[in-house]
Amino acid sequence: MNNKPLTPKRYITSLSLMHAALVIVLLLIGIYVYLQIGEITSGFTSKNDLFIYLVPIIGILAYFGGDFIYSKSLTSINKETPLKEKLNKYLQASLIRFALLEGASFMGIFAFMQTSNIFYLVITVFLILYLVKLRPTKDMIFEDLSLNQKEKEWFNNSDI
C-alpha cells in the first residue's frame with residue numbers, strides 16, 4: 001500500500017481526478033441513454049408526469065443547495081486552522097457539492113430515459129456544464145480557502 005504524504009500536487013491531482021471521473025461517468029451514461037432512445041419528444045402530453053416538477057426542483061436544489069453547503073463549510077474554517085485540515089474540509093465540501101449535482105443529473109437522465117422528453121436532458125446538460133465549471137484548480141483553492149501568503153508559498157513550493 002502506498003502511504004506517501006498528501007502533498008499539494010497530489011492533493012490537486014486527486015481532487016481533479018475525482019471531479020473528472022464524476023463528469024466523465026455522467027457524460028458517458030447520458031450519451032448512452034440518448035443513443036438508446038428511439039423517438040425524442042419535446043412537449044408535455046401526460047398530466048401524470050411527476051418528473052415535470054421533480055427534475056427542475058431537484059436541479060435547483062442541487063445547484064443552490066450545493067453552493068450553500070459549500071460556502072457554509074468553508075466559512076466555518078478558522079483562519080488559524082492548519083493547512084492540512086483546511087484542505088480536508090475543502091475536499092469534503094467539494095465532494096458534497098459534486099455529489100448533489102451528480103445526483104440531480106442522474107435524476108434528469110433517468111427522467112429522460114423514462115419519458116424520452118428532451119427537456120430533462122437539457123436540464124441535465126446544464127447541470128453537467130456547471131459541474132465542469134467547478135473543476136478544482138490551485139487558484140480556486142487559494143481563493144475559496146482565503147489562504148495567507150505563507151500558506152500559498154508553502155503550497156506552491158511543496159513537492160511540485
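Sequence positions, counted from 1, serve as the residue numbers for this chain.
- Considering only residues two or more places apart in sequence or on other chains, F68 meets the side chain to side chain contact (heavy atoms under 4.5 Å, CB included) condition with K72.
- The side chain to side chain contact (heavy atoms under 4.5 Å, CB included) search around S146 returns K79, not counting sequence neighbours.
- Contact detail for I40 and I37: the closest heavy-atom pair is CG1-CG2, 4.0 Å.
- In this structure, L17 is not a member of the same hydrophobic cluster as L22, with clusters built from ILVMFWY side-chain heavy atoms closer than 4.5 Å.
- Under the 4.5 angstrom side-chain criterion for Ile, Leu, Val, Met, Phe, Trp and Tyr, the cluster partners of I24 are L28.
- Annotation: salt bridge (charged side-chain N to carboxylate O under 4.0 Å, His left out) contacts involving residues 27-38, sequence neighbours excluded, are absent.
- L127 approaches G59 most closely through the heavy-atom pair CD2-O, 3.9 Å.
- The hydrophobic clustering, which links ILVMFWY residues whose side-chain heavy atoms are closer than 4.5 Å, places I69 and L145 apart.
- Residue pairs that meet the side chain to side chain donor-acceptor pair (under 3.5 Å) test with at least one member in residues 57-68, sequence neighbours left out, are D67-R97, D67-Y130.
- Checked against side chain to side chain donor-acceptor pair (under 3.5 Å), N117 has no partners two or more places apart in sequence or in another chain.
- Applying the salt bridge (charged side-chain N to carboxylate O under 4.0 Å, His left out) test to pairs two or more places apart or on separate chains, none has a residue in residues 106-122.
- The two atoms that bring Y11 and L87 nearest to each other are OH-O, 2.6 Å, heavy atoms only.
- E151 is linked by a side chain to side chain donor-acceptor pair (under 3.5 Å) to K86, counting only residues two or more places apart in sequence or in another chain.
- For N148, there are no side chain to side chain donor-acceptor pair (under 3.5 Å) partners, not counting sequence neighbours.
- Every residue two or more places apart in sequence or in another chain that forms a side chain to side chain contact (heavy atoms under 4.5 Å, CB included) with Q149 is listed here: K152, E153.
- For the pair S73 and I77, the tightest heavy-atom approach, listed with the atom from each and the gap, is O-CG1, 3.6 Å.
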Name the atoms and distances for all side-chain donor-acceptor pairs under 3.5 Å in residues 100-114, with sequence neighbours left out.
{"unit_1": "S105", "atom_1": "OG", "unit_2": "L101", "atom_2": "O", "d": "2.9"}

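- Residue M140 comes nearest to R135 through the heavy atom pair CE-O, 3.4 Å, listed as atom of the first residue, atom of the second, then distance.
- H19 places a side-chain N or O within donor-acceptor distance of the main-chain N or O of L131, the cut-off being under 3.5 Å.
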Stepwise, does the side-chain contact (heavy atoms from CB on, under 4.5 Å) test hold for I128 with V125? CA-CA 5 Å; I128 292 172; V125 167; 5.7 Å; no

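- Atom OH of Y34 is surrounded by 12 or fewer heavy atoms from other residues, nucleotides or ligands within 6.0 Å.
- More than 12 non-hydrogen atoms from other residues, nucleotides or ligands lie less than 6.0 angstrom from CD of Q36.
- Legend: salt bridge (charged side-chain N to carboxylate O under 4.0 Å, His left out) pairs involving residues 19-39, not counting sequence neighbours: none detected.
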